[in-house]
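First up is the structure itself, then whatever we jot down about it.
Ligands are counted one by one from 1 in listed order, and the atoms in each one are counted from 1 as well. Side-chain atoms are counted along with the backbone in the values below, which use heavy atoms only and exclude waters and symmetry mates.
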Amino acid sequence: MFMAVESTLPTPFRTPASDKDAKALQFIEEMTKNVDSVQERVLREILSRNAETEYLKRFILNGATDRETFKSRIPVVTYEDIQPEIQRIANGDKSPIFSAHPISEFLTSSGTSAGERKLMPTIHEELDRRQLLYSLLMPVMNLYVPGLDKGKGLYFLFVKAETKTPGGLLARPVLTSYYNSDHFKTRPYDPFNVYTSPNEAILCVDSFQSMYAQMLCGLIMRNEVLRVGAVFASGLLRAIHFLQNNWKQLAHDIATGTLNPKITDAPVRECMRKILKPNPELAQFVTMECYEENWECIIKRIWPRTKYLDVIVTGAMAQYIPTLEYYSGGLPMACTMYASSECYFGLNLNPMCKPSEVTYTIMPNMAYFEFLPHGSSTSCLVDLADVEVGKEYELILTTYAGLCGYRVGDILRVTGFHNAAPQFRFIRRKNVLLSIESDKTDEAELQNAIENASLLLKEFNTSVVEYTSYADTKQIPGHYVIYWELLVKDSANAPTDDVLNRCCLQMEESLNSVYRQSRVADNSIGPLEIRVVENGTFEELMDYAISRGASINQYKVPRCVSFTPIMELLNSRVVSKHFSPDLPHWTPERRR
Ligand code: AMP
């Protein structure tokens with residue numbers, strides 16, 4: 001018998017798919033109805049358990065656990081503010097600095113500080129909180145898409161390289177931590193959450209072997225697949241690109257029932273041995289579909305029962321929507337959750353809505369959330385229950401693991417409420433200029449990369465007078481395009497093609513480790529390109545901006561462009577194109 005749920009979710013199908021779903025939906029209702037009291041409790045729990053930590057004692061909280069005292073004493077901080085303490089933990093200091101519970105590992109964020117991934121301390125029990133949020137996703141989805149227990153999900157999921165800090169703590173991305181946890185590895189069977197990818201394939205650190213095995217399983221089980229996904233849109237497009245490059249070998253494996261010898265990982269080989277059987281008919285089908293020049297609708301053609309794509313296409317990922325629409329033949333794209341290394345925030349209660357309408361409901365039990373009205377001073381923080389519709393806020397976080405008043409860097413707009421819980425549209429991440437997948441390059445990093453690269457031009461008496469950039473995602477993998485206007489003082493000694501190619505590589509060497517990892521380990525970003533434009537192009541750009549109402553006094557060259565007329569202008573003035581001739585340097589070890 002299903003429990004009766006007083007669900008206020010605006011859904012076409014009000015009946016939960018199972019008892020388990022009913023409980024999950026009930027939990028969402030409770031949390032969203034009691035946002036303020038849950039938040040009060042969460043802060044009380046965090047402050048009382050961490051009362052004796054060095055950080056809270058520094059601000060003389062004296063055991064207070066109420067919001068007023070917290071707000072008046074605890075400063076709003078950035079990662080850089082707490083980096084000395086983080087470094088001490090990384091170096092092996094086990095005293096309770098942020099958290100009374102031992103720090104179990106560091107989660108390496110895709111946000112960087114001084115070129116390296118930020119290290120987010122976490123505690124063991126945070127895994128339960130993440131698990132809890134995951135457990136709410138399917139019950140909501142089942143309300144909108146019935147029958148998801150009648151097949152499988154083809155999800156391209158990956159782990160990344162792990163490192164240890166000098167003090168011996170593991171440092172790895174949050175999903176690598178989650179997929180390696182028992183929560184994931186030994187998850188109980190759930191007919192609504194059956195994946196085509198075996199754990200062995202997901203947990204293989206070699207990205208080629210992992211992707212190969214996952215794609216092979218996806219093809220073998222093509223008639224069972226009901227949803228296709230990856231965490232971010234860029235990941236799913238990478239998988240399609242992978243199929244474009246590897247379908248011949250995949251079809252060969254399927255035809256013969258033998259595994260590509262490039263797959264050397266023993267657990268992957270062992271599990272594929274059980275799954276892979278000769279199937280010439282399927283091999284022929286794959287060949288017929290992939291041989292075609294036209295890859296439009298390829299997802300629907302290969303996986304005809306797919307009901308939706310499960311990928312995040314909000315924020316920086318919105319740039320991939322048209323390409324995904326092309327490959328999927330317009331399948332709905334579900335953005336189910338909003339999360340980070342610091343904390344999993346919340347979920348989309350209407351996951352089948354259009355990408356432009358996605359809103360996330362922050363679950364008040366995950367952490368204590370405050371909101372800084374965009375452009376206001378840090379003394380004006382607003383509580384989760386008090387944000388106002390239509391306003392934009394920066395998200396501030398206080399976690400069980402000990403981050404206090406921490407600026408995540410995300411800007412969110414309130415679009416409405418579900419019960420008493422505000423719903424947020426993800427607007428943007430602060431200070432991000434360029435992003436292809438999880439890389440986030442800001443203006444200062446770009447400027448620094450340009451300066452380093454232009455040192456190579458010195459001996460040619462040449463300088464970069466103006467520049468701008470563009471994240472080109474028309475092809476997979478996407479790549480950074482940098483437009484340069486050069487001042488060549490001696491045209492007889494102009495920089496050669498080779499030098500300009502090396503400038504591309506020098507820029508890549510100067511970019512942050514997430515960018516370089518994507519280039520080297522994941523192949524998810526293509527070689528950086530410099531397009532040299534005619535002299536006077538940037539002046540034309542300014543004339544264009546002024547003609548559209550910009551003030552001459554205040555005009556600044558945009559350091560990143562995407563507006564079509566501007567792109568057309570720049571591209572029509574290109575005199576030469578140059579690409580990075582090699583991979584930049586990257587190893588899992590941190591540079592500092
Ligand atoms: P990381 O710390 O590397 O896990 O990155 C977390 C960041 O990714 C968040 O702070 C957001 O900026 C971004 N992000 C996560 N989920 C979403 C989402 N659903 N939509 C848009 N951006 C997201």
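- Residues forming a salt bridge (Lys or Arg N to Asp or Glu O under 4.0 Å) with Lys391 (at least two apart in sequence, or on another chain): Glu388.
- One finds a salt bridge joining Glu370 and Lys71 here, because a Lys/Arg side-chain nitrogen approaches an Asp/Glu carboxylate oxygen to under 4.0 Å.
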Below 3.5 Å only, please: the N or O atoms of ligand 1 paired with protein N or O atoms, distance on each line.
{"from": "ligand 1", "atom 1": "2 (O)", "to": "Ser109", "atom 2": "OG", "distance (Å)": "3.2"}
{"from": "ligand 1", "atom 1": "2 (O)", "to": "Ser341", "atom 2": "N", "distance (Å)": "3.3"}
{"from": "ligand 1", "atom 1": "2 (O)", "to": "Ser341", "atom 2": "OG", "distance (Å)": "2.8"}
{"from": "ligand 1", "atom 1": "3 (O)", "to": "Ser110", "atom 2": "N", "distance (Å)": "2.7"}
{"from": "ligand 1", "atom 1": "3 (O)", "to": "Ser110", "atom 2": "OG", "distance (Å)": "2.5"}
{"from": "ligand 1", "atom 1": "4 (O)", "to": "Ser341", "atom 2": "N", "distance (Å)": "3.3"}
{"from": "ligand 1", "atom 1": "4 (O)", "to": "Ser341", "atom 2": "OG", "distance (Å)": "3.3"}
{"from": "ligand 1", "atom 1": "10 (O)", "to": "Asp410", "atom 2": "OD1", "distance (Å)": "3.2"}
{"from": "ligand 1", "atom 1": "10 (O)", "to": "Asp410", "atom 2": "OD2", "distance (Å)": "2.7"}
{"from": "ligand 1", "atom 1": "10 (O)", "to": "Arg429", "atom 2": "NH1", "distance (Å)": "2.9"}
{"from": "ligand 1", "atom 1": "12 (O)", "to": "Asp410", "atom 2": "OD1", "distance (Å)": "2.7"}
{"from": "ligand 1", "atom 1": "12 (O)", "to": "Asp410", "atom 2": "OD2", "distance (Å)": "3.3"}
{"from": "ligand 1", "atom 1": "12 (O)", "to": "Arg429", "atom 2": "NH1", "distance (Å)": "3.4"}
{"from": "ligand 1", "atom 1": "19 (N)", "to": "Met337", "atom 2": "O", "distance (Å)": "2.9"}
{"from": "ligand 1", "atom 1": "19 (N)", "to": "Tyr360", "atom 2": "OH", "distance (Å)": "2.9"}
{"from": "ligand 1", "atom 1": "20 (N)", "to": "Thr314", "atom 2": "OG1", "distance (Å)": "2.6"}

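- By the 6.0 Å and 45° rule, Arg238 stacks over the aromatic ring of Phe158.
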- Query: Given the rule in the ring-ring contact (aromatic ring centres under 6.0 Å, His included) test, do Phe70 and Tyr368 qualify, once you have shown the distances and angles that lead to the verdict?
  - Reply: CA-CA 11 Å; Phe70 176 78; Tyr368 175 61; 5.7 Å; yes

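- Taking the ring centre of Phe184 as origin, the terminal cationic atom of Arg187 falls inside the region bounded by 6.0 Å and 45° from the ring axis.
- In this structure, Arg129 is positioned above the aromatic face of Tyr400, its NZ or CZ under 6.0 Å from the six-membered ring centre and within 45° of the axis.
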